[in-house]
Amino acid sequence: MGRKVIVVVGATCSGKTALGLKLAELLNTEIISADSRQIYKYLNIGTAKPNTDELDKIKHHFIDYLEPEEEYNVSRYEKEALKILDNLNVSNKIPIIVGGSGLYIRAVVDGIFDNVETDEVLRARLKNTIDTYGVGQLLEQLKLVDPESAAKMLPQNWKRIIRALEVFYLTGKTITEWQKEYKRNIDLEFEIYGLSWNRDVLYKMIENRVDDMINMGLVEEVKKLLKKGYSKDLNSLNTVGYKEIFEYLDNVISLEKAVELIKRNTRHYAKRQLTWFNADKRIKWVNVNGINDIFRLAEKIIMNYEL
RNA sequence: GGGCAGAUAGCUCAGUCGGUAGAGCAAAGGACUGAAAAUCCUUGUGUCGGCGGUUCGAUUCCGUCUCUGCCCA
């Protein structure tokens, strides 16, 4: 029987942070964030990052971990997260993973095939093919070598197509085959808890939180990022709450419209998260309807662990 | 008080030369293996404002009423 790891998932705004903090406090342990945006420095208000008090009180990993211009990927996340899980095990602490980035969670829980590194030269060449002949050319190539993954690819996802071809050209084996073969051997047992809210209530909370973000100075935060010289084309800034404010600052839309769009896009995001997590049958869903439910849940969860 | 224009899906509107209707947005469902807060796919039945009339048949034409907006008094 492996070492236990507690995982907290759920839609944005569902109280994951609160539950994680409570659990970490009760179990005297640390939090491993699985959030592809809170991982970046200077994205605070718009990502609903834990505040400085909370970060001082409980040690958080992968918060303020990257500069906004840094490229990152799930495979790196998996490796680095596993290292932290090891360290915590050594010091006899039960790790708590908290986050809404489904792919990151999956990478840690199930692993992600990592036999094929990236090859920037090859990528550049493939990108060149796209620029000259269009993405259809690459999709045709992929159809020939790996029809199974080609069938799932859409032309708009050219980065995914490049990745699939990259894997094939570097190894002579398709990404589909690699995925099927992939098996990871780690001695960890993940307990995944999902926070479930009535959809209408969740949406209402999302809307309130967006209003709060504006009151807390989201527009100023975005202006500061621009002043620091960060481009809005950065992946880190292709984020709900930031891209809409860029539009407002460029006078494309009004602030009112930007707020409305942030609310809608956050709802859409929450829905995508739920679709993702609902597919994972290992998740233990807990209905909650307020912060007290979350504290009660924390108490209940820790009863399963000897202190 | 008079005139004009509206009233159709949760919202904004289109349309039916009379055979009970369709777009965008919202919403819902889904996919996802090195961008993942990303990137995509699928889904449109609603007393066509109420009541009468004409008609085989009215959401569509006519009358009337109600409501909304604008204009004139």
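The phosphate of B:A36 has neither OP1 nor OP2 within less than 4.0 Å of any side-chain N or O from A:Ser101. The shortest distance between the side-chain N/O atoms of A:Lys263 and the OP1/OP2 oxygens of B:A26 is not below 4.0 Å. A close approach under 4.0 Å does occur between a side-chain nitrogen or oxygen of A:Arg37 and OP1 or OP2 of B:A36. A close approach under 4.0 Å does occur between a side-chain nitrogen or oxygen of A:Lys271 and OP1 or OP2 of B:G29. Within the 4.0 Å cut-off from OP1 or OP2 of B:A28, at least one side-chain nitrogen or oxygen of A:Arg199 is found. Regarding contacts with the backbone of B:A36, every side-chain N or O of A:Arg163 stays at 4.0 angstrom or more from both OP1 and OP2. Remark: A:Arg272 is not in phosphate contact with B:A36, judged by side-chain N or O atoms under 4.0 Å from OP1 or OP2. Dashed line: the shortest gap from a side-chain N or O of A:Tyr203 to OP1 or OP2 of B:A28 is under 4.0 Å. The side chain of A:Arg264 contributes an N or O atom lying less than 4.0 Å from OP1 or OP2 of B:A26.
In this entry the distance linking OH of A:Tyr72 with P of B:A36 reads 10 Å, nearest Å. Atom CZ in A:Arg106 sits about 10 Å away from atom P in B:A31, given to the nearest Å. Rounded to a whole Å, the NE2 atom of A:His268 is 8 Å from the C1' atom of B:A27. The distance from atom CD of A:Gln179 to atom C1' of B:U33 is 5 Å, rounded to the nearest whole Å. Distance CG (A:Leu234) to C1' (B:A35): 12 Å, rounded to an integer number of Å. Regarding A:Ile105, its CD1 atom lies at a distance of 15 Å from the C1' atom of B:C32, rounded to whole Å. Atom pair A:Leu237:CG and B:A35:C1' shows a separation of 13 Å (rounding to whole Å applied). Going from atom CD1 of A:Ile112 over to atom P of B:A36 covers 11 Å, rounded to whole Å.
Nearest approach of A:Tyr242 to A:Asn44, heavy atoms of both residues: OH-N, 3.6 Å.
Using a 4.0 Å heavy-atom distance criterion, A:Val116 is classed as a base contact. As judged by a 4.0 angstrom heavy-atom cut-off over every strand, A:Thr239 is placed among the base-contacting residues. Using a 4.0 Å heavy-atom criterion, one finds that A:Lys243 contacts the sugar-phosphate atoms exclusively. Using a 4.0 Å heavy-atom distance criterion, A:Trp178 is classed as making no nucleic acid contact. At a threshold of 4.0 angstrom between heavy atoms, the contacts of A:Val74 are confined to the sugar-phosphate backbone, with no base atom among them. The residue A:Asp35 sits close to a base: some heavy atom pair falls under 4.0 Å. Among the atoms of the strands shown, none is found under 4.0 Å from any heavy atom of A:Tyr77. Counting any heavy atom pair closer than 4.0 Å across all strands shown, A:Thr47 reaches a base atom.
B:G50 and B:G10: their P atoms are spaced 14 Å apart (whole Å). B:A23 and B:U54 have their P atoms separated by 36 Å, with the value rounded to a whole Å. B:C56 and B:G49 have their C1' atoms separated by 27 Å, given to the nearest Å.
With respect to A:Glu207 and A:Arg267, a salt bridge is recorded, a charged nitrogen being found less than 4.0 Å from a carboxylate O.
The structure places CD of A:Gln179 at 8.5 Å from CD1 of A:Ile112, a figure rounded to the nearest 0.5 Å.
Each of A:Ile294, A:Val201, A:Leu19 was compared with A:Val288 under the side chain to side chain contact (heavy atoms under 4.5 Å, CB included) criterion, and only A:Ile294 meets it.
For A:Trp276, taking side-chain heavy atoms from C-beta onward, the closest of the listed nucleotides B:A36, B:C25, B:U33 is B:A36. Of the candidate nucleotides B:A35, B:G30, B:A27, B:A35 has the atom lying nearest to any side-chain atom of A:Asn235.
Between A:Phe62 and A:Tyr77, the ring center distance clears the sub-6.0 Å criterion.
Using bins of under 30°, 30° to 60° and over 60° for the plane-to-plane angle, the ring pair A:Phe113/A:Trp178 lands in the parallel bin.
When the nearest nucleotides of RNA chain B are assigned to A:Gly111 and A:Asn238 by heavy-atom distance, the more 5′-ward of the two goes with A:Gly111. Projected onto RNA chain B by closest heavy-atom contact, A:Asn73 and A:Gly100 fall at different nucleotides, the more 5' of which corresponds to A:Asn73.
In summary, the side chains of A:Thr12 and A:Arg209 do present a donor paired with an acceptor at a separation below 3.5 Å, with no hydrogens or angles considered.
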